[in-house]
Number of protein chains: 2
Amino acid sequence: MEETPARLTSKPSWLLTQLAVHAHRMASDGFGEVGARGYHYRLLAALHEFGAASQAELGRRSAMDRSDVVAAINQLVERGFVERTPDPDDRRRNIVALTPAGDAQLRRMDRALDKVQDDLLGPLTAEDRQTLTRLLTRLLAHHRNR
Amino acid sequence: MEETPARLTSKPSWLLTQLAVHAHRMASDGFGEVGARGYHYRLLAALHEFGAASQAELGRRSAMDRSDVVAAINQLVERGFVERTPDPDDRRRNIVALTPAGDAQLRRMDRALDKVQDDLLGPLTAEDRQTLTRLLTRLLAHHRNR
DNA sequence: GGTCGTTTGTTGGCTGCGCCAACGTTGGTT
DNA sequence: AACCAACGTTGGCGCAGCCAACAAACGACC
C-alpha cells in the first residue's frame with residue numbers, strides 16, 4: 001500500500017482538488033449514462049431556473065466561457081433539448097430556450113446527480129454533510145468575487 | 001450580478017469542483033512563478049519524503065499515471081532537479097533521485113503553496129479550517145480505496 | 001449624423017490533468 | 001521453457017478552463 005506524501009495530504013488545496021477529481025469522475029459517469037456532460041447540465045439548469053436567455057448571459061450564469069457555450073449549445077440544439085433563435089430586439093444576440101425534451105433530459109441528469117451526491121458524501125453523517133456544504137459555500141462565495 | 005442556478009450551488013459536487021477550480025488556479029499561479037506545475041510538486045514531494053524510487057512507484061505515491069510520470073521526470077531531469085539512473089538490480093527500472101537543486105525547488109514551491117492555503121481558506125476561522133480539513137480527509141480516504 | 005467603445009457570437013487554439021492502449025524489455029513463477 | 005506480471009515509453013483521447021481575434025451590431029456622446 002503506497003503512501004502519499006504528508007506534504008500533499010496535509011494541504012487543503014490537495015484534498016480539495018483530489019476529491020474534486022473523484023466527484024468529477026462520478027458526475028461524468030452519471031452524465032455519460034444519458035449521453036451528456038457537465039456543460040450541458042449547467043446550461044439546462046440555468047435555462048430552467050431563469051428562463052430563456054442569450055448565450056452570453058448563460059455563460060455568466062453557468063460560469064462558462066462564451067466560446068464553450070457556443071459548442072455546448074450546438075450539441076443541445078442537435079439533440080432537440082434547446083432552441084436557438086435570433087433576438088429581434090438585439091440582432092447581436094441569440095435567444096436560447098429550453099424545449100420539453102430538454103426539460104426531460106434535465107430531470108434525467110438530476111436523478112443521476114442526486115445519486116452522485118450520496119455516493120460522494122457516503123461516510124458522512126447528515127450533520128457533517130451540512131457542515132461541509134456550509135463551509136464550501138462560504139469559501140466559494142468568497143472566491144467567486146475574486 | 002448574475003446568479004448561479006440553485007440546482008448547482010446546492011450540490012456538494014458542484015461546490016467541490018468549482019472551489020477546486022479556484023484552488024487549482026491559485027496553485028498554478030504560485031507554481032508558475034517558479035516555472036513548475038502540479039505534477040512536479042507531487043514528484044519532488046514524494047522523492048523528498050520517501051527517498052529515491054522507481055518511476056512506477058513514484059506514480060503510485062503521487063497518484064499519477066505511468067506515462068505522465070515519464071514526461072514530468074523528463075522535465076525535472078532537464079532542469080537538474082532530479083537524476084534518472086538505471087537500476088542495476090532490476091534492469092526494467094529507473095531509479096529517480098532528488099538533487100540538491102531539486103530540494104531547493106521543492107522548498108520554493110512549498111512557500112508558494114503555503115501562501116495559497118492561506119488565500120484559499122481566507123475567511124475561515126482556525127477551527128473551521130480544521131473541521132474542513134478533517135471532513136475532506138475522511139472523504140478522500142474513503143474514495144481513495146474504491 | 002458620425003465616431004468611439006462595448007457587447008455578442010463564433011472560430012481556432014492552448015494548457016493542465018486524468019486516463020488508456022500498445023509495445024518491447026525484463027523479472028519472477030511454475 | 002513457457003507464462004504472466006511489471007516497467008518505461010510513445011502516442012493519443014476527453015473534459016474543463018481560458019484567451020485572442022474578428023465581424024456584426026448596439027449605445028452613448030459630441
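Model, not experiment: these values are computed from the prediction. Naming convention: chains lettered A, B, ... in sequence-line order (proteins, then strands); numbering from 1 in each chain.
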Enquirer: Could you check which residues of residues 13-36 of chain B get a heavy atom under 4.0 Å from DNA chain D? Sort them by number, please.
Expert: B:Q18, B:V21, B:R25
Enquirer: Specify the residues of residues 71-84 of chain B, ordered by number, for which at least one heavy atom lies under 4.0 angstrom from an atom of DNA chain D.
Expert: B:R84
Enquirer: Between A:D89 and A:G38, name the one whose nearest nucleotide on DNA chain D is closer to the 5' end.
Expert: A:G38
Enquirer: Okay, side chain of B:H143, backbone of A:L120: is any donor-acceptor separation there less than 3.5 Å?
Expert: yes
Enquirer: Check the phosphate of C:dG9 against A:R93, side-chain N and O only, distance under 4.0 Å to OP1 or OP2. Yes or no?
Expert: no
Enquirer: Answer with yes or no whether the side chains of A:Q55 and A:R93 bring together a donor and an acceptor at under 3.5 Å.
Expert: no
Enquirer: Please report, rounded to the nearest Å, how far the C1' atom of D:dG14 is from the CZ atom of A:R37.
Expert: 9 Å
Enquirer: Can you get from B:V70 to B:I73 by hopping between Ile, Leu, Val, Met, Phe, Trp and Tyr side chains that sit under 4.5 Å apart?
Expert: no
Enquirer: Is there side-chain contact between B:E3 and B:T9, with heavy atoms separated by less than 4.5 Å?
Expert: no
Enquirer: Please test B:Q75 against B:R37 for side-chain hydrogen bond (donor to acceptor under 3.5 Å, both in side chains), starting from the C-alpha separation and ending with a verdict.
Expert: CA-CA 11 Å; B:Q75 295 161 354; B:R37 331 175 264 137; 3.1 Å; yes
Enquirer: A:L58 CG to C:dT7 P: how many Å, rounded?
Expert: 17 Å
Enquirer: Just the rounded figure in Å: distance from P of D:dG14 to NE2 of A:H40.
Expert: 14 Å
Enquirer: Quickly work out the A:M64 CE to D:dC18 C1' distance and round it to whole Å.
Expert: 12 Å
Enquirer: Whether A:Q55 contacts C:dT10 is assessed here as follows: a side-chain N or O lying under 4.0 Å from the phosphate OP1 or OP2. Is that the case?
Expert: yes
Enquirer: Going by side-chain contact (heavy atoms from CB on, under 4.5 Å), name the residues that satisfy it together with B:E49, two or more places apart in sequence or in a different chain.
Expert: A:P5, A:A6
Enquirer: Is B:T17 reaching over with its side chain to a backbone N or O of B:W14, donor-acceptor style, under 3.5 angstrom?
Expert: yes
Enquirer: Which heavy-atom pair separates B:A23 from A:L16 by the least distance, and what is that distance?
Expert: CB-CD2, 4.3 Å
Enquirer: Please compare B:Y39 and A:V70 by the position of their nearest nucleotide in DNA chain C and report the one closer to 5'.
Expert: A:V70
Enquirer: Please evaluate residues A:L15 and B:T133 with respect to the criterion side chain to side chain contact (heavy atoms under 4.5 Å, CB included), reporting the C-alpha separation (whole Å), side-chain torsions for both, the decisive distance (0.1 Å), and the verdict.
Expert: CA-CA 8 Å; A:L15 299 170; B:T133 302; 3.7 Å; yes
Enquirer: Would you say D:dC7 has OP1 or OP2 under 4.0 Å from some side-chain N or O of B:R60?
Expert: yes
Enquirer: Can you check the B:E57 CD to D:dG8 C1' distance for me, whole Å?
Expert: 15 Å
Enquirer: Take atom CZ of B:R91 and atom P of D:dA5, then tell me their distance rounded to the nearest Å.
Expert: 22 Å
Enquirer: For C:dT7, does the base pair up with any side-chain atom of A:R92 as donor and acceptor (N or O, under 3.5 Å, distance only)?
Expert: yes
Enquirer: Distance-only criterion, 3.5 Å: show the donor-acceptor pairs between side-chain atoms of residues 102-110 of chain A and protein atoms not counting sequence neighbours.
Expert:
from, atom 1, to, atom 2, distance (Å)
A:D103, OD2, A:R107, NH1, 2.7
A:D103, OD2, A:R107, NH2, 3.4
A:Q105, OE1, A:R108, NE, 3.0
A:Q105, OE1, A:R108, NH2, 2.9
A:Q105, NE2, A:V34, O, 3.4
A:D110, OD1, A:Y41, OH, 2.6
A:D110, OD1, B:R7, NE, 3.4
A:D110, OD2, B:R7, NE, 2.5
A:D110, OD2, B:R7, NH2, 2.8

Enquirer: Collect all protein-nucleotide pairs involving nucleotides 19-21 of chain D in which both atoms are nitrogen or oxygen and the distance is under 3.5 Å.
Expert:
from, atom 1, to, atom 2, distance (Å)
D:dC19, N4, A:D65, OD2, 3.3
D:dC19, N4, A:S67, OG, 2.6

Enquirer: What residue pairs, at least two apart or across chains, pass salt bridge (Lys or Arg N to Asp or Glu O under 4.0 Å) with a residue in residues 116-126 of chain B?
Expert: B:D118-B:R129
Enquirer: Pick the closest DNA chain C nucleotide for B:R42 and for A:N94 by heavy atoms, then say which residue is nearer the 5' end.
Expert: A:N94
Enquirer: Please determine whether salt bridge (charged side-chain N to carboxylate O under 4.0 Å, His left out) holds for the pair B:R92 and B:D87, giving the CA-CA distance in whole Å, both sets of side-chain angles, and the decisive distance to 0.1 Å.
Expert: CA-CA 8 Å; B:R92 294 172 301 179; B:D87 186 340; over 6 Å; no
